[in-house]
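A quick write-up on the structure given underneath.
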Amino acid sequence: MRTVELEKERNPLTRSAVTEQAVRANFCERGLVVRPELARFASEMVGLLENPQRVSYKPGKEFVGAPGIGKTTHLESLREACATLGIPRAWFNFNSGESKLSAYSADPCLLVEDLTTQLAETRPKTMLPAERATLDTAIACYRDGVGYDPRLADGLGCKLGTALLDHIRRYEMQTPVAIFIDATQRANPAVIGWMGEYILPYLSQSGRCLFVFAGQVPVHWRSPAVRWRVTTEKLGAFAPELTQEQCGLANFPGLAGVAGEIQALTGGHPLANAVVLSRLRELATAGEEIRPDALARRETELLNLIGTEVVDSCAFREVRKELADACRAIALVRRFGVGHLRAILPKSVPFFADYPQDSFGGLLALLHATHLIGWNDADRQPAGYGIDPALRHLIALHTQKTNPALWATVNQGAAAVYEDYAQRIGKYFFGHFRSDNRIILTKAITDQSPGPYLVEALYHRACLGEDSLATIRKWLTQFGGQTNQGKRLVSEQIRMALQEDKDLRAKIGEEKTAELMAILQRT
């Protein structure tokens with residue numbers, strides 16, 4: 001007995017380690033890959049809950065990403081880990097058919113009642129039930145005071161928050177609590193705002209209440225006091241090694257040997273990987289040998305399967321047809337604005353053939369409301385709207401292989417728009433050069449250089465299979481102005497983009513890229 005106790009002292013199994021093991025076991029049982037960021041957060045989660053100083057500082061964690069990227073799976077595994085540890089927990093999924101979102105919108109106090117009911121139902125049997133008479137009184141006062149409008153607030157709301165905090169603290173004396181909220185993009189903004197006003201600020205004061213959110217886009221909390229307390233982590237596509245691991249977990253001979261081909265086909269999108277692996281396993285069971293050339297032979301079949309089960313059934317599941325068609329077309333453009341919609345959609349989507357020109361601004365707002373597109377505020381210009389890269393890869397490859405007419409129309413339209421932008425911006429930019437080829441550059445002037453717009457146009461020309469060398473030679477004459485310094489500036493911007501832009505390099509090809517960079521270097 002003493003030997004066992006000493007062994008435990010030498011190798012203590014912390015609650016954090018138990019949590020991480022539970023998450024890994026849950027994923028392995030379901031044939032899923034554990035992301036490093038999830039494993040890291042799983043091991044930190046209990047530490048946060050058991051350290052009041054840390055959790056009161058950052059009580060919220062938010063996972064965001066494209067549809068099918070694994071957000072719900074993350075939350076489910078963390079919730080089950082809490083169950084293993086006996087931590088009271090509450091779960092809200094606003095994307096579920098069982099969601100009470102409309103009821104919460106009408107009466108947000110129902111959310112508080114569901115929250116406390118779930119905590120009571122999931123508490124360990126050894127815990128004493130928390131007295132809720134004070135909380136029920138506060139809820140009744142709140143309802144009587146402000147009716148059913150969640151946007152109204154007064155002192156009664158503060159009393160409700162204080163009562164909720166006191167109620168949660170009764171659990172805190174025995175164990176921390178965790179609250180999981182999925183599909184936040186579907187929630188009524190008024191409900192989210194109400195949570196940020198009367199739930200998060202109060203429960204974060206308890207010191208041992210952790211919130212974990214998931215959604216396609218980050219929640220924009222109105223209150224700065226809440227905003228700085230929530231840490232956001234974006235989930236992207238799998239790296240090649242994770243796709244390799246996912247193939248290995250499929251536990252079927254031959255699948256691990258085609259991981260590289262699957263990565264190229266899906267871009268590492270987890271759900272797309274699963275769809276392809278499932279189909280390959282069916283083929284292997286039917287007696288077909290799974291080799292790299294098997295994916296090439298069945299590329300169109302697999303892309304159509306991905307288009308149906310990932311793009312249509314997952315990403316566009318609740319999006320109106322005309323908006324889904326617009327998303328499919330505009331997804332081929334890495335950064336776009338209203339000008340791209342006007343130039344591309346009337347020629348590529350029948351619904352928009354006679355669409356009023358002054359309505360495309362409103363259309364952009366509707367597309368943004370689907371949460372499939374967002375503002376790309378990366379440092380590299382030009383800024384604009386864009387679809388998540390993981391989803392864009394699937395749509396672009398499917399379109400290129402199965403609908404070449406749409407592929408050509410969109411890329412031609414996008415290239416023309418960017419060249420037009422470059423032409424107009426170039427007139428302003430090169431107007432600042434003096435006749436002796438010198439210019440006093442300011443940030444306001446350099447930000448208006450045509451170079452970044454030509455890079456995007458070059459990408460779309462390369463998608464069409466056009467000769468990039470001939471294109472660049474033409475542009476240096478057309479957009480380089482009348483000065484050598486102007487040509488050098490544009491050349492340098494394109495050359496720097498080629499060094500950093502992997503997608504562009506892939507479209508041009510490494511050999512052509514090297515030739516192109518040599519030409520730009522000499523300009």
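Residues: numbered from 1 along the sequence shown. The model shown is predicted, which means the values in this text are computed figures rather than measured ones.
With hydrogens and angles disregarded, no donor-acceptor distance shorter than 3.5 Å links the side chain of W91 to the backbone of L75. Of the possible donor and acceptor atoms, one in the side chain of R335 sits under 3.5 Å from a partner among the backbone N and O of P382. Looking only at distances, a side-chain donor or acceptor of R227 sits under 3.5 Å from a matching main-chain atom of W221. Under a 3.5 Å cut-off, the side chain of S77 and the backbone N or O of H74 do form a donor-acceptor pair. Between the side chain of E62 and the backbone N or O of V219, at least one donor-acceptor pair lies under 3.5 Å. A donor-acceptor pair under 3.5 Å is absent between the side-chain atoms of D501 and the main chain of A497, judged by distance alone. A distance-only check finds no donor-acceptor pair linking the side chain of H393 to the backbone of P389 [under 3.5 Å]. Remark: the backbone N or O of A66 is paired with a side-chain donor or acceptor of K71 at under 3.5 angstrom. Under the 3.5 Å distance criterion, the side-chain polar atoms of S313 are left unmatched by any main-chain donor or acceptor of V310. With hydrogens and angles disregarded, no donor-acceptor distance shorter than 3.5 Å links the side chain of H460 to the backbone of A414.
Using a 4.5 Å cut-off on side-chain heavy atoms (C-beta onward), L341 and L367 make contact. Counting only heavy atoms from C-beta outward, the side chains of L235 and V64 never approach each other to under 4.5 Å. A heavy-atom distance below 4.5 Å is not found between the side chains of D182 and F92. Looking only at side-chain heavy atoms (C-beta outward), L469 and K512 come within less than 4.5 Å of each other. Put simply, the side chain of F336 does not reach to within 4.5 Å of the side chain of V417, judged on heavy atoms. No side-chain heavy atom of R424 sits under 4.5 Å from any side-chain heavy atom of E419.
Remark: E510 engages R505 in a side-chain hydrogen bond (donor to acceptor under 3.5 Å, both in side chains) (not counting sequence neighbours). Scanning for salt bridge (charged side-chain N to carboxylate O under 4.0 Å, His left out) contacts around E299 gives K401, with sequence neighbours left out. Not counting sequence neighbours, the partners of E318 by the side chain to side chain contact (heavy atoms under 4.5 Å, CB included) test are N95, R186. Residues satisfying the side-chain hydrogen bond (donor to acceptor under 3.5 Å, both in side chains) test with N304, not counting sequence neighbours, are H398. For H340, there are no side-chain hydrogen bond (donor to acceptor under 3.5 Å, both in side chains) partners, not counting sequence neighbours. Residues forming a side chain to side chain contact (heavy atoms under 4.5 Å, CB included) with T73 (at least two apart in sequence, or on another chain): F27, R30, L32. Qualifying side-chain hydrogen bond (donor to acceptor under 3.5 Å, both in side chains) partners for E466, counting only residues two or more places apart in sequence or in other chains: R461. Annotation: side chain to side chain contact (heavy atoms under 4.5 Å, CB included) contacts of P356 (sequence neighbours excluded): D358, S359. With sequence neighbours excluded, the residues forming a side chain to side chain contact (heavy atoms under 4.5 Å, CB included) with A329 are L345, S348, V349, L406, V410, listed by chain and number.
Atom CG of L305 sits about 11.0 Å away from atom CZ of R298, to the nearest 0.5 Å. The line from CD of Q357 to CZ of R342 is 6.0 Å long, rounded to the nearest 0.5 Å.
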With a 3.5 Å cut-off and sequence neighbours excluded, list the donor-acceptor pairs that the side chains of residues 262-282 form with protein atoms.
unit_1	atom_1	unit_2	atom_2	d
Q263	OE1	T243	OG1	2.4
Q263	NE2	F238	O	3.1
T266	OG1	I262	O	2.9
T266	OG1	G268	N	3.1
T266	OG1	N273	OD1	2.5
H269	ND1	L271	N	3.3
H269	ND1	A272	N	3.3
H269	NE2	P67	O	3.0
N273	ND2	T243	OG1	3.2
N273	ND2	Q246	OE1	3.0
R279	NE	E301	OE2	2.7
R279	NH1	E282	OE1	3.0
R279	NH2	E301	OE2	3.0
R281	NH1	A250	O	2.7

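The two residues V258 and P292 make their nearest non-hydrogen contact at CG1-N, 3.7 Å.
Under a 4.0 Å N-O distance rule, the pair R495/E492 qualifies as a salt bridge.
The cationic group of R334 lies under 6.0 Å from the six-membered ring centre of Y459 and within 45° of the ring axis, placing it in a cation-pi geometry.
Pairs engaging residues 240-266 under the salt bridge (Lys or Arg N to Asp or Glu O under 4.0 Å) rule: none recorded [sequence neighbours left out]. Sorted by first and then second residue, the salt bridge (Lys or Arg N to Asp or Glu O under 4.0 Å) pairs with a member in residues 387-399 read K234-D388, R392-D503; sequence neighbours excluded.
Ring geometry for Y355 against F351 counts as tilted: the plane angle lies between 30° and 60°, on a 0 to 90° scale.
Checked against the 6.0 Å centroid threshold, F63 and F41 count as a close aromatic pair.
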